[in-house]
Amino acid sequence: MSHRKTQLDIQGMSCANCSQTITEALQDLDGVETASINYATDEGTVEYDPETTSLAEIYAAVDDAGYEAVSTATSIAITDMTCSNCAETNQEALEDVPGVIVAEVNYATDEASVEYNPAATDREQLYAAIEDAGYSPVRDDEGEESEQDQRDAARSEEIRRQLRLTLFGAALSLPLIAFMVEKLILGGGALPETVFGIEFGWIEFLLATPVQIVLGRPFYENAYTALVKNRTANMDVLIALGSSTAYLYSVVVLLGVLAGSLYFDTAALILVFITLGNYLEARSKGQAGEALQQLLEMEADTATVVDEDGNEEELPLDEVDVGDRMKVRPGEQIPTDGVVVDGQSAVDESMVTGESVPVEKEEGDEVVGSTINENGVLVVEATKVGADTALQQIVQTVKEAQSRQPDIQNLADRISAYFVPIVIANALLWGLVWYLFPAALAGFVDALPLLGLVAGGPAVAGGGVSVFEFSVVVFASAVLIACPCALGLATPAATMVGTSIGAKNGVLFKGGDVLERAKDVDTVVFDKTGTLTTGEMELTDVVPLDGARTATDGGNGTATDGGTQTVSSGTEPATDEIDEETVLCAAASAESGSEHPLAQAIVEGAEERGIALANPTEFENVPGHGVRATVDGDEVLVGNRKLIRDNDIDPAPAEDELERLESEGKTAMLVARGGSLLGLVADADTVKESAKEAVGALHDRNLAVQMITGDNERTAGAVAEAVGIDPANVRAEVLPEDKADAVEEIQSSGSRAMMVGDGVNDAPALATAYVGTAIGSGTDVAIEAADVTLMRDDPLDVVKAIRISDGTLQKIKQNLFWALGYNTAMIPLASLGLLQPALAAAAMAFSSVSVLSNSLLFRRYTPDEDYRLLYRWR
């Protein structure tokens, strides 16, 4: 293959050195002949050998250099694939298009997912590649119908077409069934030889020929395309071989060229059974994708937009812009993602989060588009519209997950790639062996327990049919019994259902490969703040240095031990020199320049007590340690022991109080001013109600549970004790930038860790983990660093994610067992002459439908309990 030249649009360059960095990164790739990056135009040209390197590797090199080459992702529906080999053919055709970075074609969803370089190719070239491969893409034509509407219409038309063909073939084949019964059961001779002077053979010919032409044509055309154009073999080749063999042999016998029996009935029924299977398969595919379609149908059609004067206007949803204010009445859907600017109500968010209990919303709260306003009137300001809304992102995430298949699919793909040629070779071999050694094989079959009762070998031994005729029957049966469809459907059908179950329960998997990995984790690592705890800090204690402790609200502090309240001992009188107000004023004034939750809790506590704060100057945030600020000319420090020591102040006088507060699960901070300790302030973070239950459920699965936090050991230990984590599995005082190293250390011994965090501060750790899981907030669903996104702030959803993964993989294994077991059992039977071709075709059609039906059964699963406990009988 000749070298290719591609143009790249690159983002993120700020100087000529950037372009040089990218150029060097590209030139280091094997297969890249020349690379020229122009900083002035933000463009680059790369000439490379596609046999040595790929466009995907070129894009990865740009990304690794710290820049971004512009790409576009799209999906294209394909309506006439009949097996996984067809999907493979389309994938190869798309990957051969210059400019395509990566392509994935899913037979179960009849869809291609393509990432490409818009500077090198476009959708028309992608459509052309699919058409050149002999298949039909659903074009995104301009018009009133959306692309999804066109896809739905194409699928509905395919279902109707298959039904029409099935009914047509069945009507003509019903009389042929009588002929088959007469031959197989009655042994022939029970029916007259002519009807109205026409021989039965010609009547069979007249009935079977239209079936062969109408039902057989798509199979013959696709088989020709596969063999001649694509130089591959798919299921259509097997069907065309089996049906045409039976038909042509019967024509030869009817014309008197050979002596033997007629198999017009077999030729027709083969096509009827296969077409019926295609119809049921098309229907089942539609049902498997219903969950995603139901999500899309939940989207509101219109919005009531309110202008500045209070005038209301009902607009189509696609005309709503960010910043528009919408009135949402009780019972109506919230049109888009937004924030409540007026009103109070309960909102049913079950369609997004899976949570059945409505959530109270008031001014300032975020709401998710397509959720339902239960009672009060809300005025919502749109913050995300169109493709940016949570619902559309959920749908896109699920689609991408369905296009990225689990690694177990590689097994099926490897088998399918060689399956059809091996089946044809096997059929030819056994046809020849039966022709050469009929008596020996017939005796062998008769000796098999039970199997000798089936028509086949004994008929040859007794002279019921000719040796050549029986060899033809064996060939046709051995070709038709094999079913690559069942193998091709086993994984994607289950993955499609599993990702849909996840979406309905507020669990979004980034890909089928992630869905597979999640069940294999043996260690779950929780970040503490915002994951096991609410992340909403509250000022609980203020302690003057001299030991006269004054707790806020008369000494009543809320600790996090199990979520219960503990009451501190009564207050002691403060000294004249240092009192509660002195300590809190200094701490809050310094922290007023910080946005950290701990700082905000201190500031809010001071404001609630009416303490006037000073404006800090020269504010400095010391990551992981505290803050330093100048307040009224004095340096004020608020932070941990290390911060105080690093500034030559001895924290020892406050050690007893520090230990007491930390043992209560509170985050205690030392306060110093002008080089002297003033005292301490403490915040508490409440443990989530479901945290202990989640940890218990993970322990029930024999998973190790660990916790990582930047808090000190005593605070971390108190939270760990409250939720049931072994103190030995707690890593405290870990800085944000060191969390990834901590996860890597956990995994260094061979553990497969799932890191659970908020997806922002924990991004490096999420990316390092075997499975990164980000707890979302309902609207932030596109967290790049995470493999799994949980729509709710509920640790129990971590357990749900693992259960869904486990259940899906169990279903995939069931499907693969059935598909492989079916072929393992049936191909030998057909090869030994123990199956009629028509029965083989029926069994072939049934195998695909059974795999899809087994996957559809999985839709009933809810991840409140382990799949294997609920459905072990399946």
Side-chain angles (χ1 to χ4, degrees), residues 11 68 70-77 111 113-116 118 122-123 138-153 289 291-307 312-328 332-341 347-349 351-353 361 365-373 378-403 499-500 503-504 506 508 510 759 776-784 789 791:
Q11 297 177 340
E68 180 183 358
V70 175
S71 66
T72 299
T74 189
S75 59
I76 302 172
E111 195 167 60
S113 299
V114 187
E115 184 182 359
Y116 63 93
D122 55 26
R123 286 179 69 98
V138 177
R139 292 176 173 270
D140 182 18
D141 297 323
E142 294 293 332
E144 295 183 1
E145 281 192 327
S146 68
E147 183 178 358
Q148 186 61 47
D149 290 337
Q150 294 177 52
R151 295 183 183 196
D152 293 341
L292 205 58
Q293 187 59 32
Q294 288 170 359
L295 278 177
L296 286 169
E297 290 173 353
M298 288 179 180
E299 194 169 47
D301 297 321
T302 61
T304 302
V305 178
V306 183
D307 63 18
E312 299 179 9
E313 182 182 5
E314 188 170 347
L315 295 176
L317 192 63
D318 56 7
E319 294 183 18
V320 176
D321 297 321
V322 173
D324 285 349
R325 295 195 170 190
M326 306 164 291
K327 178 175 285 188
V328 187
E332 292 183 344
Q333 289 176 293
I334 297 172
T336 71
D337 294 357
V339 60
V340 176
V341 294
V347 175
D348 179 0
E349 296 184 337
M351 53 79 63
V352 172
T353 65
K361 300 290 184 180
D365 288 338
E366 291 183 334
V367 290
V368 182
S370 303
T371 55
I372 300 174
N373 181 23
L378 295 176
V379 177
V380 176
E381 183 176 305
T383 56
K384 293 180 181 179
V385 298
D388 295 329
T389 63
L391 179 65
Q392 289 292 339
Q393 288 190 40
I394 290 171
V395 170
Q396 187 58 36
T397 300
V398 174
K399 283 186 174 181
E400 290 174 359
Q402 293 174 352
S403 69
T499 51
S500 297
K504 287 169 62 178
L508 302 181
K510 185 172 285 188
S777 61
T779 55
D780 186 16
V781 300
I783 302 177
E784 290 298 324
T789 298
M791 295 292 292

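Just so you know, these numbers come straight off a predicted model, no measurement behind them.
When side chains are defined from C-beta on, Met326 does not count as touching Val379, because their heavy atoms never get closer than 4.5 Å. Between Val70 and Pro118, the closest side-chain pair of non-hydrogen atoms falls below 4.5 Å. A 4.5 Å side-chain heavy-atom check between Thr304 and Val328 finds every atom pair outside the cut-off. Between Val341 and Arg325, the closest side-chain pair of non-hydrogen atoms falls below 4.5 Å. Side chains of Met791 and Leu508 form a contact here, defined as non-hydrogen atoms less than 4.5 Å apart. Side-chain contact between Leu317 and Thr336 is present, with at least one heavy-atom pair separated by less than 4.5 Å. Contact annotation: the side chain of Val347 approaches that of Leu378 to within less than 4.5 Å [non-hydrogen atoms, C-beta and beyond].
The distance from the OG1 atom of Thr371 to the CD1 atom of Ile334 is 3.5 Å, given to the nearest 0.5 Å. In this structure, CG on Asp324 lies 10.5 Å from CD on Glu319, to the nearest 0.5 angstrom. With rounding to the nearest 0.5 Å, the separation of OG1 in Thr389 from NZ in Lys384 is 9.0 Å.
The nearest pair of heavy atoms linking Asp122 to Tyr116 is CA-CE1, 4.1 Å. Here the closest heavy-atom approach between residue Val368 and residue Glu349 is recorded as CG2-OE2, 4.4 Å. Summarising the geometry of Glu366 relative to Lys361, their closest heavy-atom pair is O-NZ, 2.8 Å, with the distance given to 0.1 Å. Residues Glu313 and Leu315 approach most closely at OE2-CD2, 3.4 Å, considering heavy atoms.
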Could you give me the CA-CA distance, side-chain angles and deciding distance for Arg123 and Ile76, then say whether side chain to side chain contact (heavy atoms under 4.5 Å, CB included) is met?
-> CA-CA 9 Å; Arg123 286 179 69 98; Ile76 302 172; 4.1 Å; yes
Decide side chain to side chain contact (heavy atoms under 4.5 Å, CB included) for Asn373 and Glu332; before the verdict, give the C-alpha distance in whole Å, the side-chain angles of both, and the deciding distance to 0.1 Å.
-> CA-CA 6 Å; Asn373 181 23; Glu332 292 183 344; 5.5 Å; no
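Side-chain contact annotation: Thr302 with Glu314, donor-acceptor N/O pair under 3.5 Å present. Donor-acceptor pairing under 3.5 Å is recorded for the side chains of Glu115 and Ser71.
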